[in-house]
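The structure appears right after this line, and notes come after that.
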Amino acid sequence: MKLPNSPKALPLIQLIQGIARPFEYLEASAKECGDPFTMRSPGFPSTVVFSNPQAIQEIFTADLNQFDSGKGNKILQPLLGENSLIQLDGRSHQRQRKLLTPPFHGERMRTYGQIICDIAFQVMNEWTIGNPRPIHPSTQEISLRVILRAVFGIDQGERLDQLRQQLSTLLDSFNSPLSSSLLYFSFLQKDLGSWSPWGRFLRRRQQIDELLYAEIRERREQPDSSRNDILSLMMSARYEDGQSMTDIELRDELMTLLFGGHETTASSLAWAFYWIHHLPEVRDKLLQELEPLGWDSDPSEIAKLPYLTAVVCETLRIYPTVFFSLPRIVKSPIEVMGYQFEPGVMLSACIYLTHHREDLYPEPKRFKPERFLERQFSPYEYLPFGGGNRRCIGYAFALFEMKLVLATVLSRFQFALADNRPVKPVRRGITTTPSGGVPMVMIDKLQRASTPVPTLI
Ligand code: HEM
(Lines give C-alpha, C1' and ligand atoms only; values in the text may rest on other atoms or scores of the structure.)
Protein backbone atom coordinates (compact mmCIF):
# COMPACT_ATOMS: atom_id res chain seq x y z
CA MET A 1 0.00 0.00 0.00
CA LYS A 2 1.49 3.33 -1.03
CA LEU A 3 0.34 6.21 1.13
CA PRO A 4 0.05 9.75 -0.28
CA ASN A 5 3.18 11.92 -0.06
CA SER A 6 4.46 13.05 3.30
CA PRO A 7 6.32 16.30 4.09
CA LYS A 8 10.09 15.83 3.94
CA ALA A 9 10.67 17.01 7.54
CA LEU A 10 11.45 14.28 10.09
CA PRO A 11 8.36 12.92 11.91
CA LEU A 12 9.49 14.52 15.21
CA ILE A 13 9.89 17.91 13.53
CA GLN A 14 6.46 17.49 11.92
CA LEU A 15 4.93 16.80 15.31
CA ILE A 16 6.62 19.82 16.90
CA GLN A 17 5.56 22.07 14.02
CA GLY A 18 2.01 20.71 14.22
CA ILE A 19 1.84 21.46 17.95
CA ALA A 20 3.56 24.86 17.85
CA ARG A 21 2.07 26.33 14.67
CA PRO A 22 -0.73 24.05 13.48
CA PHE A 23 -2.18 26.19 10.70
CA GLU A 24 1.22 27.11 9.22
CA TYR A 25 2.24 23.43 9.34
CA LEU A 26 -0.94 22.35 7.55
CA GLU A 27 -0.64 25.00 4.84
CA ALA A 28 3.03 24.24 4.23
CA SER A 29 2.38 20.48 4.07
CA ALA A 30 -0.51 20.88 1.63
CA LYS A 31 1.68 23.13 -0.52
CA GLU A 32 4.57 20.67 -0.45
CA CYS A 33 2.59 17.45 -0.96
CA GLY A 34 -0.84 18.35 -2.36
CA ASP A 35 -4.16 16.85 -1.29
CA PRO A 36 -4.20 14.34 0.37
CA PHE A 37 -0.92 14.12 2.27
CA THR A 38 0.35 11.83 4.99
CA MET A 39 1.26 13.17 8.41
CA ARG A 40 3.88 11.18 10.28
CA SER A 41 4.46 11.69 13.99
CA PRO A 42 6.48 9.54 16.40
CA GLY A 43 4.19 7.47 18.65
CA PHE A 44 1.17 7.90 16.34
CA PRO A 45 0.07 5.86 13.29
CA SER A 46 0.44 7.58 9.90
CA THR A 47 -2.54 9.85 9.27
CA VAL A 48 -3.75 10.69 5.77
CA VAL A 49 -5.18 14.20 5.69
CA PHE A 50 -7.94 15.15 3.21
CA SER A 51 -9.36 18.52 2.27
CA ASN A 52 -11.25 17.46 -0.86
CA PRO A 53 -15.05 17.51 -0.34
CA GLN A 54 -15.51 14.41 -2.51
CA ALA A 55 -13.07 12.43 -0.35
CA ILE A 56 -14.60 13.82 2.85
CA GLN A 57 -18.03 12.73 1.64
CA GLU A 58 -16.72 9.22 0.95
CA ILE A 59 -15.29 9.05 4.48
CA PHE A 60 -18.26 10.55 6.33
CA THR A 61 -20.84 8.42 4.49
CA ALA A 62 -18.94 5.11 4.57
CA ASP A 63 -20.52 2.08 6.22
CA LEU A 64 -20.45 2.38 10.03
CA ASN A 65 -18.31 -0.76 10.28
CA GLN A 66 -15.69 0.65 7.95
CA PHE A 67 -13.91 2.76 10.56
CA ASP A 68 -13.10 2.96 14.26
CA SER A 69 -12.26 6.28 15.81
CA GLY A 70 -12.16 6.03 19.58
CA LYS A 71 -8.87 4.12 19.59
CA GLY A 72 -7.28 7.03 17.75
CA ASN A 73 -8.14 9.52 20.49
CA LYS A 74 -5.83 8.19 23.17
CA ILE A 75 -4.31 11.61 23.85
CA LEU A 76 -7.60 12.64 25.44
CA GLN A 77 -7.84 9.60 27.67
CA PRO A 78 -5.97 11.06 30.66
CA LEU A 79 -8.45 13.91 30.72
CA LEU A 80 -11.71 12.24 29.73
CA GLY A 81 -11.25 8.62 30.76
CA GLU A 82 -11.67 5.44 28.75
CA ASN A 83 -15.50 5.45 28.85
CA SER A 84 -15.82 8.85 27.20
CA LEU A 85 -17.99 8.95 24.05
CA ILE A 86 -14.91 10.17 22.19
CA GLN A 87 -13.02 6.99 23.17
CA LEU A 88 -15.80 4.54 22.28
CA ASP A 89 -16.42 2.65 19.06
CA GLY A 90 -19.07 0.38 17.54
CA ARG A 91 -22.23 -0.41 19.46
CA SER A 92 -21.21 1.18 22.73
CA HIS A 93 -20.49 4.43 20.85
CA GLN A 94 -23.87 4.36 19.10
CA ARG A 95 -25.62 3.58 22.38
CA GLN A 96 -24.03 6.52 24.21
CA ARG A 97 -24.62 8.92 21.32
CA LYS A 98 -28.30 8.02 21.30
CA LEU A 99 -28.47 8.92 24.96
CA LEU A 100 -26.45 12.13 24.87
CA THR A 101 -27.60 13.78 21.64
CA PRO A 102 -31.29 14.72 22.32
CA PRO A 103 -30.66 17.16 25.22
CA PHE A 104 -28.50 19.31 22.94
CA HIS A 105 -31.13 19.65 20.19
CA GLY A 106 -34.67 20.85 19.46
CA GLU A 107 -37.08 21.72 22.25
CA ARG A 108 -34.76 20.53 25.02
CA MET A 109 -32.03 22.83 23.76
CA ARG A 110 -34.38 25.79 23.38
CA THR A 111 -35.27 25.66 27.07
CA TYR A 112 -31.74 26.98 27.72
CA GLY A 113 -32.25 30.07 25.53
CA GLN A 114 -33.18 32.57 28.23
CA ILE A 115 -30.62 31.10 30.64
CA ILE A 116 -27.84 31.64 28.07
CA CYS A 117 -28.90 35.29 27.58
CA ASP A 118 -29.01 35.84 31.36
CA ILE A 119 -25.59 34.33 31.96
CA ALA A 120 -24.05 36.37 29.11
CA PHE A 121 -25.55 39.55 30.51
CA GLN A 122 -24.43 38.85 34.08
CA VAL A 123 -20.85 38.01 33.14
CA MET A 124 -20.40 41.02 30.85
CA ASN A 125 -22.16 43.40 33.20
CA GLU A 126 -19.25 42.85 35.62
CA TRP A 127 -16.93 44.74 33.25
CA THR A 128 -16.23 48.35 34.12
CA ILE A 129 -16.23 51.03 31.46
CA GLY A 130 -12.82 52.05 30.12
CA ASN A 131 -10.78 49.21 31.60
CA PRO A 132 -9.08 47.16 28.86
CA ARG A 133 -8.97 43.40 29.45
CA PRO A 134 -9.06 40.27 27.30
CA ILE A 135 -12.53 39.05 26.46
CA HIS A 136 -11.58 35.36 26.26
CA PRO A 137 -11.75 34.73 30.05
CA SER A 138 -15.29 36.18 29.99
CA THR A 139 -16.42 33.99 27.10
CA GLN A 140 -14.88 31.05 28.97
CA GLU A 141 -16.87 31.91 32.06
CA ILE A 142 -20.06 32.21 30.02
CA SER A 143 -19.64 28.89 28.22
CA LEU A 144 -18.56 27.07 31.38
CA ARG A 145 -21.56 28.35 33.33
CA VAL A 146 -23.88 27.44 30.46
CA ILE A 147 -22.62 23.88 30.10
CA LEU A 148 -22.57 23.33 33.87
CA ARG A 149 -26.14 24.51 34.00
CA ALA A 150 -27.16 22.16 31.18
CA VAL A 151 -25.36 19.20 32.69
CA PHE A 152 -26.25 19.64 36.38
CA GLY A 153 -29.46 21.66 36.14
CA ILE A 154 -28.17 24.23 38.63
CA ASP A 155 -25.81 27.17 38.41
CA GLN A 156 -25.09 27.84 42.05
CA GLY A 157 -23.74 26.05 45.07
CA GLU A 158 -20.41 25.51 46.73
CA ARG A 159 -19.59 22.32 44.85
CA LEU A 160 -20.39 23.87 41.50
CA ASP A 161 -18.28 26.94 42.30
CA GLN A 162 -15.37 24.66 43.15
CA LEU A 163 -15.94 22.65 39.99
CA ARG A 164 -15.97 25.80 37.87
CA GLN A 165 -12.75 26.96 39.45
CA GLN A 166 -11.01 23.58 39.17
CA LEU A 167 -12.08 22.98 35.57
CA SER A 168 -10.76 26.36 34.46
CA THR A 169 -7.44 25.70 36.18
CA LEU A 170 -7.19 22.22 34.67
CA LEU A 171 -7.83 23.48 31.15
CA ASP A 172 -5.33 26.29 31.72
CA SER A 173 -2.72 23.54 32.16
CA PHE A 174 -2.75 23.24 28.36
CA ASN A 175 -2.93 26.91 27.46
CA SER A 176 0.26 27.06 25.41
CA PRO A 177 1.92 24.94 22.71
CA LEU A 178 4.59 23.91 25.24
CA SER A 179 2.16 22.73 27.88
CA SER A 180 -0.03 21.11 25.19
CA SER A 181 2.98 18.87 24.42
CA LEU A 182 2.17 17.01 27.64
CA LEU A 183 -0.76 15.40 25.85
CA TYR A 184 1.26 14.40 22.79
CA PHE A 185 4.50 13.05 24.35
CA SER A 186 3.72 10.18 26.69
CA PHE A 187 7.29 10.23 28.09
CA LEU A 188 6.46 13.61 29.66
CA GLN A 189 3.56 12.00 31.52
CA LYS A 190 5.50 11.24 34.70
CA ASP A 191 4.25 12.06 38.15
CA LEU A 192 7.32 13.62 39.75
CA GLY A 193 5.38 15.30 42.53
CA SER A 194 2.99 18.20 42.70
CA TRP A 195 5.52 20.64 41.26
CA SER A 196 5.99 18.67 38.03
CA PRO A 197 3.58 19.53 35.16
CA TRP A 198 2.09 16.01 34.94
CA GLY A 199 1.96 15.66 38.75
CA ARG A 200 0.09 18.94 38.95
CA PHE A 201 -2.32 17.82 36.22
CA LEU A 202 -3.05 14.52 38.02
CA ARG A 203 -3.72 16.27 41.32
CA ARG A 204 -6.07 18.77 39.71
CA ARG A 205 -7.89 15.97 37.91
CA GLN A 206 -8.20 14.11 41.21
CA GLN A 207 -9.86 17.13 42.82
CA ILE A 208 -12.35 17.39 39.95
CA ASP A 209 -13.10 13.67 40.14
CA GLU A 210 -13.84 13.97 43.85
CA LEU A 211 -16.34 16.75 43.17
CA LEU A 212 -18.02 14.81 40.36
CA TYR A 213 -18.23 11.59 42.40
CA ALA A 214 -19.64 13.52 45.38
CA GLU A 215 -22.41 14.92 43.15
CA ILE A 216 -23.17 11.46 41.71
CA ARG A 217 -23.25 9.94 45.21
CA GLU A 218 -25.59 12.60 46.51
CA ARG A 219 -27.98 12.12 43.62
CA ARG A 220 -28.01 8.37 44.09
CA GLU A 221 -28.83 8.86 47.77
CA GLN A 222 -31.54 11.47 47.13
CA PRO A 223 -33.13 10.65 43.77
CA ASP A 224 -35.43 13.35 42.39
CA SER A 225 -37.54 12.23 39.43
CA SER A 226 -38.56 15.81 38.57
CA ARG A 227 -35.03 16.78 37.45
CA ASN A 228 -34.43 16.83 33.71
CA ASP A 229 -30.79 17.87 33.51
CA ILE A 230 -28.30 15.73 31.62
CA LEU A 231 -26.76 14.05 34.65
CA SER A 232 -30.22 12.96 35.87
CA LEU A 233 -31.00 11.71 32.39
CA MET A 234 -27.82 9.64 32.27
CA MET A 235 -28.46 8.26 35.74
CA SER A 236 -31.98 7.11 34.91
CA ALA A 237 -31.06 5.64 31.50
CA ARG A 238 -30.95 1.86 31.14
CA TYR A 239 -29.01 -0.11 28.56
CA GLU A 240 -30.76 -2.89 26.65
CA ASP A 241 -29.67 -5.41 29.29
CA GLY A 242 -31.30 -3.31 32.03
CA GLN A 243 -27.98 -2.09 33.45
CA SER A 244 -27.48 1.56 34.35
CA MET A 245 -24.33 3.59 33.87
CA THR A 246 -21.63 3.03 36.49
CA ASP A 247 -20.09 5.88 38.46
CA ILE A 248 -16.95 5.75 36.34
CA GLU A 249 -18.96 5.87 33.12
CA LEU A 250 -20.92 8.84 34.46
CA ARG A 251 -17.72 10.63 35.47
CA ASP A 252 -16.10 10.13 32.06
CA GLU A 253 -19.17 11.33 30.18
CA LEU A 254 -19.51 14.37 32.44
CA MET A 255 -15.90 15.32 31.77
CA THR A 256 -16.48 14.83 28.03
CA LEU A 257 -19.42 17.20 27.95
CA LEU A 258 -17.80 19.79 30.21
CA PHE A 259 -14.58 19.66 28.23
CA GLY A 260 -16.14 19.41 24.73
CA GLY A 261 -18.78 22.01 25.39
CA HIS A 262 -16.70 24.66 27.06
CA GLU A 263 -13.38 25.59 25.49
CA THR A 264 -14.49 25.19 21.86
CA THR A 265 -17.44 27.55 22.25
CA ALA A 266 -15.46 30.03 24.38
CA SER A 267 -12.64 30.38 21.82
CA SER A 268 -15.10 30.66 18.92
CA LEU A 269 -16.95 33.43 20.75
CA ALA A 270 -13.71 35.31 21.47
CA TRP A 271 -12.92 35.11 17.73
CA ALA A 272 -16.39 36.39 16.85
CA PHE A 273 -15.94 39.42 19.13
CA TYR A 274 -12.58 40.05 17.50
CA TRP A 275 -13.85 39.98 13.89
CA ILE A 276 -16.97 42.00 14.64
CA HIS A 277 -14.91 44.80 16.19
CA HIS A 278 -12.01 44.53 13.78
CA LEU A 279 -14.28 45.14 10.80
CA PRO A 280 -16.58 48.17 11.35
CA GLU A 281 -18.78 47.28 8.36
CA VAL A 282 -19.54 43.86 9.90
CA ARG A 283 -20.33 45.43 13.26
CA ASP A 284 -22.61 48.05 11.70
CA LYS A 285 -24.57 45.50 9.70
CA LEU A 286 -24.96 43.28 12.72
CA LEU A 287 -26.10 46.11 14.96
CA GLN A 288 -28.62 47.11 12.34
CA GLU A 289 -30.06 43.61 12.36
CA LEU A 290 -30.12 43.50 16.17
CA GLU A 291 -31.59 46.98 16.57
CA PRO A 292 -35.30 45.96 16.62
CA LEU A 293 -34.71 43.39 19.39
CA GLY A 294 -36.12 44.00 22.87
CA TRP A 295 -34.65 42.48 26.05
CA ASP A 296 -37.51 40.01 26.03
CA SER A 297 -37.03 38.88 22.41
CA ASP A 298 -37.63 35.20 21.84
CA PRO A 299 -34.21 33.44 21.78
CA SER A 300 -35.42 31.12 19.01
CA GLU A 301 -36.19 34.15 16.83
CA ILE A 302 -32.75 35.65 17.55
CA ALA A 303 -31.15 32.40 16.46
CA LYS A 304 -32.81 32.71 13.03
CA LEU A 305 -31.35 36.15 12.19
CA PRO A 306 -29.57 35.73 8.82
CA TYR A 307 -26.61 38.10 9.21
CA LEU A 308 -25.91 36.97 12.79
CA THR A 309 -25.94 33.37 11.53
CA ALA A 310 -23.57 34.28 8.69
CA VAL A 311 -21.14 35.98 11.12
CA VAL A 312 -21.08 32.90 13.34
CA CYS A 313 -20.57 30.58 10.33
CA GLU A 314 -17.73 32.72 8.98
CA THR A 315 -16.09 32.81 12.43
CA LEU A 316 -16.09 29.02 12.53
CA ARG A 317 -14.83 28.82 8.95
CA ILE A 318 -11.84 31.09 9.05
CA TYR A 319 -10.20 29.73 12.23
CA PRO A 320 -12.03 26.56 13.25
CA THR A 321 -11.19 25.93 16.92
CA VAL A 322 -11.02 22.20 16.15
CA PHE A 323 -9.01 21.93 12.97
CA PHE A 324 -9.30 18.17 12.26
CA SER A 325 -12.13 15.70 12.43
CA LEU A 326 -11.48 12.83 14.84
CA PRO A 327 -9.36 10.21 13.05
CA ARG A 328 -11.10 7.42 11.17
CA ILE A 329 -9.08 4.19 11.55
CA VAL A 330 -9.54 1.87 8.58
CA LYS A 331 -10.97 -1.54 9.66
CA SER A 332 -11.31 -3.17 6.23
CA PRO A 333 -9.65 -2.16 2.94
CA ILE A 334 -11.19 0.94 1.38
CA GLU A 335 -10.52 3.15 -1.62
CA VAL A 336 -10.75 6.94 -1.24
CA MET A 337 -9.84 9.31 -4.09
CA GLY A 338 -8.16 6.47 -5.96
CA TYR A 339 -5.93 5.53 -3.01
CA GLN A 340 -6.25 2.06 -1.54
CA PHE A 341 -6.05 2.04 2.29
CA GLU A 342 -5.42 -1.04 4.41
CA PRO A 343 -6.57 -1.65 8.02
CA GLY A 344 -4.75 0.43 10.64
CA VAL A 345 -4.26 3.59 8.58
CA MET A 346 -5.87 6.72 10.03
CA LEU A 347 -7.82 9.07 7.75
CA SER A 348 -8.83 12.55 8.80
CA ALA A 349 -10.75 15.45 7.27
CA CYS A 350 -8.77 18.65 7.72
CA ILE A 351 -11.38 21.23 8.62
CA TYR A 352 -8.98 24.16 8.36
CA LEU A 353 -7.62 23.31 4.88
CA THR A 354 -11.10 22.54 3.52
CA HIS A 355 -12.33 25.90 4.81
CA HIS A 356 -9.43 27.63 3.05
CA ARG A 357 -9.89 26.19 -0.43
CA GLU A 358 -9.87 28.99 -2.99
CA ASP A 359 -12.37 27.14 -5.20
CA LEU A 360 -14.95 27.09 -2.40
CA TYR A 361 -14.10 30.24 -0.50
CA PRO A 362 -12.52 32.91 -2.76
CA GLU A 363 -10.11 35.11 -0.76
CA PRO A 364 -10.17 32.57 2.05
CA LYS A 365 -8.11 34.72 4.45
CA ARG A 366 -10.74 37.47 4.39
CA PHE A 367 -13.58 37.50 6.88
CA LYS A 368 -16.69 37.76 4.69
CA PRO A 369 -19.98 36.66 6.29
CA GLU A 370 -21.74 37.39 2.97
CA ARG A 371 -20.43 34.14 1.52
CA PHE A 372 -22.92 32.30 3.72
CA LEU A 373 -25.77 34.49 2.46
CA GLU A 374 -24.83 34.05 -1.18
CA ARG A 375 -24.56 30.28 -1.33
CA GLN A 376 -25.14 27.12 0.63
CA PHE A 377 -22.22 24.85 1.35
CA SER A 378 -22.53 21.09 1.55
CA PRO A 379 -21.63 19.29 4.83
CA TYR A 380 -18.41 18.16 3.11
CA GLU A 381 -17.39 21.70 2.14
CA TYR A 382 -18.21 23.37 5.45
CA LEU A 383 -17.55 21.18 8.48
CA PRO A 384 -16.63 23.06 11.67
CA PHE A 385 -18.29 20.26 13.65
CA GLY A 386 -16.94 17.33 11.62
CA GLY A 387 -19.49 14.92 10.17
CA GLY A 388 -20.88 11.43 9.74
CA ASN A 389 -21.38 9.23 12.79
CA ARG A 390 -18.87 11.25 14.88
CA ARG A 391 -20.31 14.67 14.10
CA CYS A 392 -20.18 16.91 17.17
CA ILE A 393 -23.20 16.15 19.36
CA GLY A 394 -23.17 19.75 20.63
CA TYR A 395 -23.20 21.50 17.24
CA ALA A 396 -26.75 22.86 17.40
CA PHE A 397 -26.26 23.89 21.03
CA ALA A 398 -22.96 25.66 20.28
CA LEU A 399 -24.46 27.62 17.36
CA PHE A 400 -27.50 28.56 19.44
CA GLU A 401 -25.30 29.66 22.35
CA MET A 402 -22.92 31.69 20.17
CA LYS A 403 -25.75 33.60 18.52
CA LEU A 404 -27.53 34.35 21.79
CA VAL A 405 -24.36 35.49 23.55
CA LEU A 406 -23.40 37.79 20.67
CA ALA A 407 -26.91 39.24 20.36
CA THR A 408 -27.19 39.82 24.12
CA VAL A 409 -23.78 41.41 24.53
CA LEU A 410 -23.84 43.58 21.39
CA SER A 411 -27.29 44.95 22.04
CA ARG A 412 -26.56 45.83 25.68
CA PHE A 413 -22.94 46.94 25.75
CA GLN A 414 -20.63 48.89 23.47
CA PHE A 415 -17.13 47.53 23.00
CA ALA A 416 -13.98 48.32 21.01
CA LEU A 417 -10.73 46.45 20.49
CA ALA A 418 -8.20 47.74 23.03
CA ASP A 419 -5.33 47.85 20.53
CA ASN A 420 -4.47 47.17 16.90
CA ARG A 421 -2.10 44.30 17.54
CA PRO A 422 -2.77 41.41 15.13
CA VAL A 423 -4.51 38.43 16.71
CA LYS A 424 -3.32 34.99 15.62
CA PRO A 425 -4.59 31.50 16.34
CA VAL A 426 -2.54 29.69 19.01
CA ARG A 427 -2.85 26.18 20.32
CA ARG A 428 -4.63 25.42 23.56
CA GLY A 429 -4.65 21.64 24.17
CA ILE A 430 -6.21 20.11 21.07
CA THR A 431 -8.03 23.33 20.12
CA THR A 432 -6.91 26.75 18.93
CA THR A 433 -7.72 30.09 20.44
CA PRO A 434 -7.00 33.76 19.61
CA SER A 435 -3.58 34.91 20.86
CA GLY A 436 -3.65 37.36 23.76
CA GLY A 437 -7.31 36.54 24.47
CA VAL A 438 -8.53 39.57 22.41
CA PRO A 439 -8.03 42.64 24.63
CA MET A 440 -11.15 44.80 24.51
CA VAL A 441 -12.50 47.84 26.26
CA MET A 442 -16.09 48.47 27.28
CA ILE A 443 -17.13 51.91 26.05
CA ASP A 444 -20.68 52.08 27.28
CA LYS A 445 -23.48 50.17 28.90
CA LEU A 446 -26.47 50.91 26.74
CA GLN A 447 -29.79 52.15 28.03
CA ARG A 448 -31.36 48.75 27.81
CA ALA A 449 -28.53 47.27 29.86
CA SER A 450 -30.11 48.71 33.00
CA THR A 451 -33.39 46.95 32.29
CA PRO A 452 -33.64 44.07 34.75
CA VAL A 453 -33.24 40.68 33.10
CA PRO A 454 -35.53 37.92 34.32
CA THR A 455 -33.43 35.92 36.75
CA LEU A 456 -33.83 32.24 36.16
CA ILE A 457 -30.52 31.28 37.73
C1 HEM B 1 -18.01 25.89 18.62
C2 HEM B 1 -18.10 24.82 19.38
C3 HEM B 1 -17.71 23.43 18.99
C4 HEM B 1 -16.90 22.98 17.96
C5 HEM B 1 -16.15 23.83 16.93
C6 HEM B 1 -16.86 21.53 18.03
C7 HEM B 1 -16.19 20.72 17.13
C8 HEM B 1 -16.20 19.33 17.17
C9 HEM B 1 -15.57 18.47 16.20
C10 HEM B 1 -14.81 18.94 14.96
C11 HEM B 1 -15.77 17.19 16.57
C12 HEM B 1 -15.28 15.93 15.83
C13 HEM B 1 -16.32 15.48 14.82
C14 HEM B 1 -15.85 14.45 13.82
O15 HEM B 1 -14.82 13.82 14.01
O16 HEM B 1 -16.54 14.24 12.81
C17 HEM B 1 -16.54 17.22 17.80
C18 HEM B 1 -16.94 16.10 18.50
C19 HEM B 1 -17.60 16.16 19.71
N20 HEM B 1 -18.09 17.29 20.35
FE21 HEM B 1 -17.95 19.19 19.69
N22 HEM B 1 -17.63 21.13 19.10
C23 HEM B 1 -18.17 22.25 19.71
C24 HEM B 1 -19.05 22.27 20.78
C25 HEM B 1 -19.43 21.17 21.50
C26 HEM B 1 -20.39 21.17 22.59
C27 HEM B 1 -21.19 22.39 23.06
C28 HEM B 1 -20.43 19.88 23.10
C29 HEM B 1 -21.22 19.33 24.24
C30 HEM B 1 -22.39 19.44 24.43
C31 HEM B 1 -19.53 19.07 22.28
C32 HEM B 1 -19.30 17.72 22.45
C33 HEM B 1 -18.67 16.91 21.53
C34 HEM B 1 -18.57 15.47 21.69
C35 HEM B 1 -19.06 14.64 22.87
C36 HEM B 1 -17.90 14.98 20.53
C37 HEM B 1 -17.54 13.54 20.19
C38 HEM B 1 -18.62 12.91 19.32
C39 HEM B 1 -18.37 11.44 19.03
O40 HEM B 1 -17.26 10.95 19.25
O41 HEM B 1 -19.31 10.77 18.59
N42 HEM B 1 -18.96 19.88 21.33
N43 HEM B 1 -16.80 18.54 18.14
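Computed from a predicted structure; not experimentally measured. Every number for a ligand or one of its atoms is a count from 1 in the order of the listing.
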Test: Glu314 and Lys368 ion pair at under 4.0 Å: no
Is the shortest N/O to N/O distance between Cys392 and ligand 1 below 3.5 Å? no
Looking only at protein heavy atoms, identify the closest one to atom 37 (C) of ligand 1 and say how far it is in Å. Ile86 CG1, 3.4 Å
Can you tell which part of Glu253 has a heavy atom less than 4.0 Å from ligand 1: side chain, backbone, both or neither? neither
By the definition side chain to side chain contact (heavy atoms under 4.5 Å, CB included), identify the one residue from Leu254, Leu250, Ile248, Ile208 that meets it with Tyr213. Ile248
Indicate the ring-plane relationship of Trp271 and Trp275, choosing parallel, tilted or perpendicular according to the 30° and 60° boundaries. parallel
Find all atoms of ligand 1 within a distance of less than 4.0 Å from any non-hydrogen atom belonging to Ser268, and give their numbers and elements. 1 (C)
Restricting to heavy atoms, the pick from Ile393, Leu100, Thr431 nearest atom 34 (C) of ligand 1 would be Ile393
Counting from 1 in the order shown, the ligand 1 atoms closer than 4.0 Å to a non-hydrogen atom of Leu326 are 12 (C), 14 (C), 15 (O), 40 (O)
Working to the nearest 0.5 Å, report the span between SG of Cys117 and OH of Tyr112. 15.0 Å
Polar-atom distance check: Thr321 versus ligand 1, any N or O pair below 3.5 Å? no
Can you tell which part of Phe104 has a heavy atom less than 4.0 Å from ligand 1: side chain, backbone, both or neither? side chain
Check for a donor-acceptor pair, side chain of Ser51 on one end and backbone N or O of Thr354 on the other, with a separation under 3.5 Å. no
Is any side-chain heavy atom of Trp127 less than 4.5 Å from a side-chain heavy atom of Ile135? yes
Examine distances only and state if a side-chain atom of Thr264 and a backbone atom of Gly261 form a donor-acceptor pair shorter than 3.5 Å. no
Per-atom contacts, ligand 1 versus Val322 - under 4.0 Å to a heavy atom: 7 (C), 10 (C)
Hey, does Ser325 come in under 3.5 Å of ligand 1, counting only N/O atoms on both sides? no
Indicate yes or no: does an N/O atom of His93 lie under 3.5 Å from an N/O atom of ligand 1? yes
Using a 4.0 Å heavy-atom threshold (strictly under), name the region of Thr256 that reaches ligand 1: side chain, backbone, both or neither. side chain
Consider ligand 1: state whether an atom of it lies below 4.0 angstrom from any non-hydrogen atom of Arg328. yes
Nearest protein heavy atom with distance in Å, relative to atom 26 (C) of ligand 1: Gly261 CA, 3.3 Å
Anything under 30° is parallel, anything over 60° is perpendicular, the rest tilted; go ahead and classify Tyr25 against Phe37. perpendicular
Lys/Arg-Asp/Glu bridge criterion (N-O < 4.0 Å) met for Asp89, Arg390: yes
Min heavy-atom dist Gly388 to ligand 1 below 4.0 Å: no
